[in-house]
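What you are looking at is a predicted structure, and each value in this text was computed from that prediction instead of being measured. Letters A, B, ... are given to chains in the order of the sequence lines, protein chains preceding strands, and every chain is numbered from 1.
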2 protein chains.
Amino acid sequence: MDLSERQLQILQAIINDYVENAEPVGSRSIAKKYDLGVSPATIRNEMSDLEEMGYLTHPHTSAGRVPSDKAYRLYVNNLMKKKNLSAREKRLINERLSASRDEFDATIRHAAELLSEITHLASFAMTPATNEEKISFIRLLPVDDRTLILMIVGESGNITNSTLRLKVPYTQDALDLLSKNMTVNYKGRTLDDVLKSHIIEDVGSDIEALAALRGNVMPSFIRTLEDMLNVNLYMEGMTNIFNLPEYSSIDRARDFMELFARKDWFTRKMLERADGVVVTIGDENDAMKDCSLITATYHVDGKLVGKIGVIGPTRMKYGEVTSIMEFLTNNLSESFRLTSGNDDDDSKRK
Amino acid sequence: MDLSERQLQILQAIINDYVENAEPVGSRSIAKKYDLGVSPATIRNEMSDLEEMGYLTHPHTSAGRVPSDKAYRLYVNNLMKKKNLSAREKRLINERLSASRDEFDATIRHAAELLSEITHLASFAMTPATNEEKISFIRLLPVDDRTLILMIVGESGNITNSTLRLKVPYTQDALDLLSKNMTVNYKGRTLDDVLKSHIIEDVGSDIEALAALRGNVMPSFIRTLEDMLNVNLYMEGMTNIFNLPEYSSIDRARDFMELFARKDWFTRKMLERADGVVVTIGDENDAMKDCSLITATYHVDGKLVGKIGVIGPTRMKYGEVTSIMEFLTNNLSESFRLTSGNDDDDSKRK
DNA sequence: ATTAGCACTCTTGTTAAGTGAGTGCTAACA
DNA sequence: TGTTAGCACTCACTTAACAAGAGTGCTAAT
């Protein structure tokens, strides 16, 4: 059962108005503001129909109408118009992102900052998931006679290291041998692959001293790999939501803040989301009802995929926000294209 | 002008009551609850005197009294009694901290979590400032013919690295030479020393190829050193404050949250504070009036000093919180004593 | 020096009335 | 048949008035 042209116009008008003012919108006010050529009474009739179809709600008998999640969904799918960013906004984004271009994590964080500044909402950015990152080499470096550094380097330049303190001293020879041994065994394999498979156990070691050292290093190796898999999450502008009327009650605000105190949970949730620009509205989010979430993905060197996102009330300028995010992620992906690595220092990937 | 014994008793009673109930306390109620052997009228007189001296305030004529910052200061300095932790609390702390004992940053974060769980306040923990950390060695590792990894290792096992992408290819020889060269030059110097002095400029390089490579590497070296100096800040339980009556208004809550959104500012402020257990109350904090702050320091290997802290309203159980923090920091310092490093994997210092 | 008594103050909670925005329905109209 | 004007009705919100309660400050008696 499709909506008539006029119903769509009215619905759009209500959404626009409500997104702007956060107050239930009545028939009179949209008759006045938007020139639809019909009287309030007609609009009332249409609104009544729209309500029956589930696009509008009624806080109470004598209040105006409020768009439902379903209405926003319709809006996002069909009605929404992309907004062209102003030159000023584009310049702002370009400047701010290029300022920290050579520090990977800093750039990601700045993207989140920018996003919350421009949208006045809460935002986040995550470094890429590195499941598919391949191991380039593994190095063991001596510190003192019982301490050594384990270093895993990924093909994209991603590095993770940890300091190990052994129970027994090691020899330089054993260290070098094990370094090479491990590199040969794991080079070119993805982190996921190495962690999930039983490769780790399988590799035999023929030499006695090496086997002992290996036994000591292996648990740390696994832990370091896991650490390497962790994405970094940056959240910005969380306090912006305090300015929104929907969070003017302490309880609402608390609920919101508590959601994001669980960083690990949140990270997992966000990793599950599909690539590209994804909008989920209200009930479509299993937790976080009465929030909307917009996420988008950027690429590093065309392969690794990171996410940025915006969180706010369902009443949100979907058109604007998605446009901004599209521009921003394109910009990021461009920055992180390997060939464009102009300079002498590229990254500091976590 | 000293306070009489009875005035102290009354003041203490008022503080106890107010800390508990967060409501102005009247003469009648303390006459009833605390057996001071005097009538409400007498207490009223004393309260009047205490107010004149600045220890109490009056929200309005017919309300009870509220302790002033000055009163809390007196309380903390003279009246406060240390609380002995219950066996349960001690066990909890021991268990939780030892669970992640071999991962430095995780332990720090858990300490903050614990602190906010036990106190029901907001808390933070910082990794040690590494200004005085000495450089152990510097290593340059090849990735591909234009990419290399710069790695700085501190004497305490602290590692920082960054990935460099050069404009021109390098040779393995030049790399090795520069590694050695830099290690020789900076070994044993503190990070601060290296960064602040002009040592970096001073070191001449006699060989042509080396000089070129060096020129490319140096800016990254400085940036990496700076990165190494950064302390990590973990904040926990920020949402706890929503449960306190003093933050029941959105504005107050927002102000509070915004303070801690500025992590860099906050970190700097906290680093300025003296070592040991430090309590600052209300106005004593330049920003964050009407908050109290308690910080304490823990030691790593007896040298490096990190901080943990609790932030809450001035109405706070000072005795309890300081006791908990004392126990916690002792425990942490004990964990981080080098000799107690029992096992094969010690750290992952940032 | 202490205390009982009492007037006074100020907050909080409740009730009642008034206001205004907005709906829903009906009847008239094109 | 779709549109519109008119009107009664609903409900949240505001304001004022009032009562209750907690607490002080002062005075006079002990």
For [X], all residues meeting side-chain hydrogen bond (donor to acceptor under 3.5 Å, both in side chains), sequence neighbours excluded:
X: A:Asp69; answer: none
X: A:Lys317; answer: none
X: B:Asn240; answer: none
X: A:Ser39; answer: A:Thr42

Length of the [atom1]-[atom2] vector between [X] and [N], whole Å:
X: B:His58; N: D:dT24; atom1: NE2; atom2: C1'; result: 6 Å
X: B:Ile43; N: D:dT24; atom1: CD1; atom2: P; result: 10 Å
X: A:Asp49; N: C:dC25; atom1: CG; atom2: P; result: 12 Å
X: A:Arg65; N: C:dT23; atom1: CZ; atom2: C1'; result: 7 Å
X: A:Asp17; N: C:dG22; atom1: CG; atom2: C1'; result: 14 Å
X: B:Ile10; N: C:dA1; atom1: CD1; atom2: C1'; result: 13 Å
X: B:Leu50; N: D:dG25; atom1: CG; atom2: P; result: 12 Å

Surrounding CD of A:Glu52 (heavy atoms of other residues, nucleotides or ligands, distance under 6.0 Å), is the total greater than 12?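 No - once you tally the heavy atoms of other residues, nucleotides and ligands closer than 6.0 Å, there are 12 at most.
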State whether A:Glu89 and A:Lys83 are salt-bridged, where the test is any N-O pair (Lys NZ or Arg NE/NH1/NH2 against Asp/Glu carboxylate O) under 4.0 Å.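 Yes, this pair counts.
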Check residues 111-119 of chain A and write down every donor-acceptor pair under 3.5 Å in which the side-chain atom is one partner and the other belongs to a residue at least two apart or another chain.
residue: A:Ser116; atom: OG; partner: A:Glu113; partner atom: O; Å: 3.0
residue: A:Glu117; atom: OE1; partner: A:Arg96; partner atom: NH1; Å: 3.3
residue: A:Glu117; atom: OE2; partner: A:Arg96; partner atom: NH2; Å: 2.9
residue: A:Thr119; atom: OG1; partner: A:Leu115; partner atom: O; Å: 2.6
residue: A:Thr119; atom: OG1; partner: A:Leu121; partner atom: N; Å: 3.2

Which donor-acceptor pairs under 3.5 Å do the side chains of residues 277-296 of chain A make with protein atoms, sequence neighbours left out?
residue: A:Thr280; atom: OG1; partner: A:Arg273; partner atom: NH1; Å: 3.1
residue: A:Thr280; atom: OG1; partner: A:Arg273; partner atom: NH2; Å: 3.3
residue: A:Thr280; atom: OG1; partner: A:Asn285; partner atom: OD1; Å: 2.5
residue: A:Glu284; atom: OE1; partner: A:Arg73; partner atom: NH2; Å: 2.6
residue: A:Glu284; atom: OE1; partner: A:Ile281; partner atom: N; Å: 2.9
residue: A:Glu284; atom: OE2; partner: A:Arg73; partner atom: NE; Å: 3.0
residue: A:Glu284; atom: OE2; partner: A:Arg73; partner atom: NH2; Å: 3.4
residue: A:Asn285; atom: ND2; partner: A:Gly282; partner atom: O; Å: 3.4
residue: A:Asn285; atom: ND2; partner: A:Cys291; partner atom: O; Å: 3.0
residue: A:Asp286; atom: OD2; partner: A:Lys269; partner atom: NZ; Å: 3.1
residue: A:Lys289; atom: NZ; partner: A:Asp286; partner atom: O; Å: 3.2
residue: A:Ser292; atom: OG; partner: A:Tyr318; partner atom: OH; Å: 2.7
residue: A:Thr295; atom: OG1; partner: A:Arg273; partner atom: NE; Å: 2.9

Under 3.5 Å, which protein N or O atoms sit close to an N or O of nucleotides 2-5 of chain D? Give each pair with its distance.
residue: D:dT3; atom: OP1; partner: A:Arg6; partner atom: NH1; Å: 2.7
residue: D:dT3; atom: OP2; partner: A:Arg6; partner atom: NH2; Å: 2.9
residue: D:dT4; atom: OP2; partner: A:Ser39; partner atom: N; Å: 3.0
residue: D:dT4; atom: OP2; partner: A:Thr42; partner atom: OG1; Å: 2.4

Kindly indicate whether the side chain of A:Val25, heavy atoms from C-beta on, has any atom under 4.5 Å from the side chain of A:Arg65.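 With C-beta onward as the side chain, the pair stays apart.
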Pairs touching residues 24-36 of chain A that satisfy side chain to side chain donor-acceptor pair (under 3.5 Å), sequence neighbours left out: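 Listed by first then second residue: A:Asp17-A:Lys33, A:Ser27-A:Arg44.
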For the helix from C:dA1-D:dT30 to C:dA30-D:dT1, what angle separates the axis at the start from the axis at the finish, each from five pairs, in steps of 10°?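 Comparing the first five pairs with the last five, the axes sit 20° apart.
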Near DNA chain C, under 4.0 Å by heavy atom, which residues of residues 18-30 of chain A?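 DNA chain C contact set from residues 18-30 of chain A: A:Gly26, A:Ser27.
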Where do N or O atoms of nucleotides 8-12 of chain C meet protein N or O atoms at under 3.5 Å, pair by pair?
residue: C:dT9; atom: O3'; partner: B:Thr61; partner atom: OG1; Å: 3.4
residue: C:dT9; atom: O2; partner: B:Ser62; partner atom: OG; Å: 3.0
residue: C:dC10; atom: OP1; partner: B:Thr61; partner atom: OG1; Å: 3.3
residue: C:dC10; atom: O4'; partner: B:Ser62; partner atom: OG; Å: 3.2
residue: C:dC10; atom: O2; partner: B:Ser62; partner atom: OG; Å: 3.0

Donor-acceptor contacts under 3.5 Å from residues 246-259 of chain B side chains, at least two apart:
residue: B:Glu246; atom: OE1; partner: B:Arg315; partner atom: NE; Å: 3.0
residue: B:Glu246; atom: OE2; partner: B:Arg315; partner atom: NE; Å: 3.0
residue: B:Glu246; atom: OE2; partner: B:Arg315; partner atom: NH2; Å: 2.6
residue: B:Ser248; atom: OG; partner: B:Pro245; partner atom: O; Å: 3.0
residue: B:Ser249; atom: OG; partner: B:Asp251; partner atom: N; Å: 3.3
residue: B:Ser249; atom: OG; partner: B:Arg252; partner atom: N; Å: 3.3
residue: B:Asp251; atom: OD1; partner: B:Arg254; partner atom: NH2; Å: 2.7
residue: B:Arg254; atom: NH1; partner: A:Asn243; partner atom: OD1; Å: 2.4

